[in-house]
Structure formats: structure tokens, C-alpha cells
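Atoms considered below: every heavy atom in the structure, side chains included; atoms not considered: hydrogens, waters and symmetry mates. Labels below follow one simple rule: chain letters A, B, ... track the order of the sequence lines, proteins then strands, and each chain is numbered from 1.
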There are 2 protein chains.
Amino acid sequence: MDSRTLCLGTLILGDASGYEIRKMFEEGPFAHFQDAGYGSIYPALRKLLDEGLVAIIAPAPEATEGERGHPDKKIYAITDAGRAAFREALAITPGRDKIRSDACFLMFFADWLEPAHLARVFDDYLAHFKDRAAFVKSLDPEGVPPGRLFTRGLGVAFYEAIAAYMEANRDMLMQTRPAAPVEPARPADAAE
Amino acid sequence: MDSRTLCLGTLILGDASGYEIRKMFEEGPFAHFQDAGYGSIYPALRKLLDEGLVAIIAPAPEATEGERGHPDKKIYAITDAGRAAFREALAITPGRDKIRSDACFLMFFADWLEPAHLARVFDDYLAHFKDRAAFVKSLDPEGVPPGRLFTRGLGVAFYEAIAAYMEANRDMLMQTRPAAPVEPARPADAAE
DNA sequence: GAAATGATATATCGACTTGATATATTATAA
DNA sequence: TTATAATATATCAAGTCGATATATCATTTC
């Protein structure tokens, strides 16, 4: 999903600054299936502004003079044209999910890791999934439309399934003994 | 994980051409948690070659003269220096998983989609997870070291949990009625 | 047997993303 | 009062993605 559509999606949920949009991808309801950094968000907002799909409604329209919030803070709102563009952007056939897990890559090569390192990687990863599951479950589901409730539940199911599998199979992974030498046993061995 | 380490990882499993490395990320044992395209692989291989971490052992060393495979096919192999570099690269604390799911984004905004489109997106997504689970389960687990068995099982647990959740909650999502108008009911309504 | 199609194979390009960094204000804690 | 952390915008180098160009080899269709 392109950054412009992601930004429009966050603004559907409420007016926000670029900084607040970033936070939505870190801790908000998209956090477990989408991401965007400042380097994507700020250029996207500028283009959306040029195209009239968003408007700046800040700083604090009522407080025209005197004290405002952050000097340069800009609060963006989606326009009618933006809502129409957003609806069009959702009428696509989505591509496949993209997943990149360095922790899985390390565990795949468990026999190349020092046992203590492997245990650390495993325990951090498991703790992370337990945290995430607890966090998503802590969010209030009151008055949330079906789509949001569904993806929220999908996130919980995903986090809990991973955590359960890991707890059930910890011993299997931890029995790994280094197949390749952790230190080169004899300095001068066969070369490539 | 940087592309160079990913390429080294594939070459640990066996000598390969750039094209074959790409296929490993599409259909191989990494497919469900890592990815890399030609635009990453070929520059990475060139750097690895410059640094002596891989070597070209092709085309077909025995068939020095006469018929060979593809004229320009280069088969890469990891070197001892490459194995040492790979081990070092694995001694990191991995960052968090990155997931991007456009399908989840669409389902999150279910009330912005036409019901038929929503159903299509949902059914494609579910079929995909069922396929993936069946595929990973079809792989032969004989003689596979614990790390690879563990990540393989993690993939199955993940795919099956998603598929089960989706089947159990299809009705909940499909009861969604467009909250925002699918077509602007009255042309001239309130503007932004 | 010719033509078309698809798989194999290397490589690059523009547009975009990532992660880090620079800058500055405001709020909180020591 | 000073230091630290959070808020806030913005940019940059390095790297990635998806598409494309080019060409060979294998298989199927007419």
C-alpha cells in the first residue's frame, strides 16, 4: 500500500500531525500490519496537500493570535476529494503480505549460534509476542466497526499462536548443538 | 537482515546462481520470513565477490570446453571467509519483525469497500493461507536440523492460526454494511 | 518442422523506503 | 536551574522494490 493511501487511512480516523500519524503506525490500530516512517510520511503529506486530498487546519484555528502549540505544528485533515481518492485506492486486489523476521532467520540457523545467544534471541522474541498479544487485547473493543474488530482479533490470534508454538517447542530448539565449530578448532585446516 | 547476509545464508544451504537464490526466497525454506529481489541480490553478490566471501565455481567446472548450460550462468559458492563473516553477522540482537499486509488494511476499512469486493479480498486471503500451510507441511522434515524444523513449524502454526481465525469470524466481517456511501447519494451535499 | 510460449538467467533503472540525523520547542524530573 | 525526555518537522545517503530489457533454452502447439 502506498504511503499516500496509508496517510489518508490514518486521517479517516481523525485529524493529526505528521508526528501523530507516525505514532499511529508505532502504537495504533495499524501497528501489527503496516508501517511508515517520517521519510515516507512527510513527502506523502506534501503531495496530498498539492493534490487537495488533505488540508491543513492548524495551528489551532480558534487561537488565531497569541499562544499556540508547537510553533510549526501542522494538523492535517482529509478532504471530500481525499475520501473519494481513498475509496478508489481501496478498490484494488491487494498484493501478498510481506514479512521480514530477522529473529526467525537467526533461529533457522540455530546451529550457527552460540547456545547462550540462541536462548537470548528466543526468549526476547517470545516475550515480544506475549507483550503484543496482551497489548492488543487491552484495547477497548466498544463501538468498533466489524472491520477493525476483525483485524484486531486477527492480530491477537496471530500473536497467541506464535507464543503458544514457541512455548511448546522451546526444548526442541534448545537441544541444538553447534554443527559448525563455534571457534575454529585447528587454525590451519582445509581452505576453500 | 542485510542482503549480503541473506545471500550467504542461502549459499550455506548449497551452491546457487543469482536466479536460484531469488527462487529460494520465493519458494524455499526462508520464503515465509524473508525476501529479496534481483535488485538486492545481484549488487550483494558483486560485493561479496569483491570481499572474497563468495567465489564463482561455474560454468560447469568439468565441462571446460564445448556445451555448457546458460552461456552467462554463474554459480556462487560460499568461502571459508564467507562462513566466518556469516557467523559474525548472526551474532546480533535482531530487530523487530516487519509486516506489511495490504489485505489487512483493506479488511480494516471493510465499511469503505463494496461488499462483493470485501468478500473477494477475504476469500483470496484465506485461500492463500490454507495453501501456504499445506505447502509448508508437504516439505519433507527428514534429517532437518532443529532450527529449520522449528521455523518450519512456526510457519505452519502461523498460517493455520490465521486460517482458523478467518473461518471462525467470516460472518462477523461479512455483516459489515457500508458506513460511508458507496456512491455519493446526492451530488451536491456539504463540502469540506 | 516452425512458431509460440514459458522457464531460466543476468542485469539495471527510477521511484520509493529505511534508519539516522539535524534542528528546535515544550514538558517533566532531578 | 539544568538535564532529560517527548513533541514536532524535515532531510539525506544507502538501500530496496517492481518493472523492464535482453537473451538462451525447453516445451508445447499448429
Side chain of B:E20 only, please: which of D:dC17, C:dT17, C:dA9 is the nearest?
-> C:dA9
Please check the phosphate of C:dA11 (OP1 and OP2 only) for any side-chain N or O of B:Y42 closer than 4.0 Å.
-> no
Phosphate oxygens OP1/OP2 of C:dT17: is one of them under 4.0 Å from a side-chain N or O of A:K98?
-> no
Note: for A:S40 and B:S40 on DNA chain C, the residue whose nearest nucleotide lies more 5' is B:S40
Please work out which of the three classes, parallel, tilted or perpendicular, describes the rings of A:F129 and A:Y159, given edges at 30° and 60°.
-> tilted
Is there a side-chain contact between B:F108 and A:P29, using heavy atoms and a 4.5 Å cut-off?
-> yes
Starting at atom CZ of A:R22, determine the distance to atom P of C:dT21, rounded to an integer number of angstrom.
-> 16 Å
Starting at CE of A:M24 and ending at P of D:dT7, how long is that distance when rounded to a whole Å?
-> 15 Å
Hey, is the main chain of A:A36 close enough, under 3.5 Å, to the side chain of A:R22 for a donor-acceptor pair?
-> yes
Between C:dA7 and B:K23, is there an OP1 or OP2 to side-chain N/O distance shorter than 4.0 Å?
-> no
Under 4.0 angstrom, heavy atoms only, what part of the nucleic acid is A:G39 near: base, sugar-phosphate, or nothing?
-> base
Between D:dA8, C:dT8, C:dT17, which nucleotide gets closest to the side-chain atoms of B:Y19?
-> C:dT8
When rounded to whole Å, the CZ to C1' distance for the pair B:R46 and D:dT16 reads 15 Å
Hey, does the side chain of B:K74 come within less than 4.0 Å of C:dA11's phosphate (OP1/OP2), counting only N and O?
-> yes
In terms of side-chain geometry, is the basic nitrogen of A:R170 or A:D123 positioned less than 4.0 Å from the acidic oxygen of its partner?
-> yes
Rounded distance in Å - CG (A:D35) to P (C:dT18) | 6 Å
Between C:dA11, D:dT11, C:dT8, which one does the side chain of B:Y76 approach most closely?
-> C:dA11
From the candidates C:dC16, D:dA6, C:dT18, the one with an atom nearest any side-chain atom of A:K47 is C:dC16
Between B:S3 and D:dG15, is there a side-chain N or O to OP1/OP2 distance below 4.0 Å?
-> no
Atom CG of B:D15 to atom C1' of C:dA9: distance rounded to whole Å?
-> 17 Å
Closest listed nucleotide, where the reference is the side chain of B:S17 and the choices are C:dT10, D:dT9, D:dT7 = C:dT10
Comparing B:R100 with B:Y38, nearest DNA chain C nucleotide closer to 5' gives the residue B:Y38
Charged N to carboxylate O below 4.0 Å: is that the case for B:E114 and B:R120?
-> no
Just how far, in rounded Å, is P of D:dC17 from CZ of A:R96?
-> 16 Å
Whole Å only: how far is the CD1 atom of B:I56 from the P atom of C:dA9?
-> 15 Å
Considering only NZ, NE, NH1 and NH2 on the basic side and carboxylate oxygens on the acidic side, decide whether B:E88 and B:R83 come within less than 4.0 Å.
-> no
Expressed in angstrom and rounded to an integer, what is the separation of B:D2 atom CG from D:dA13 atom P?
-> 21 Å
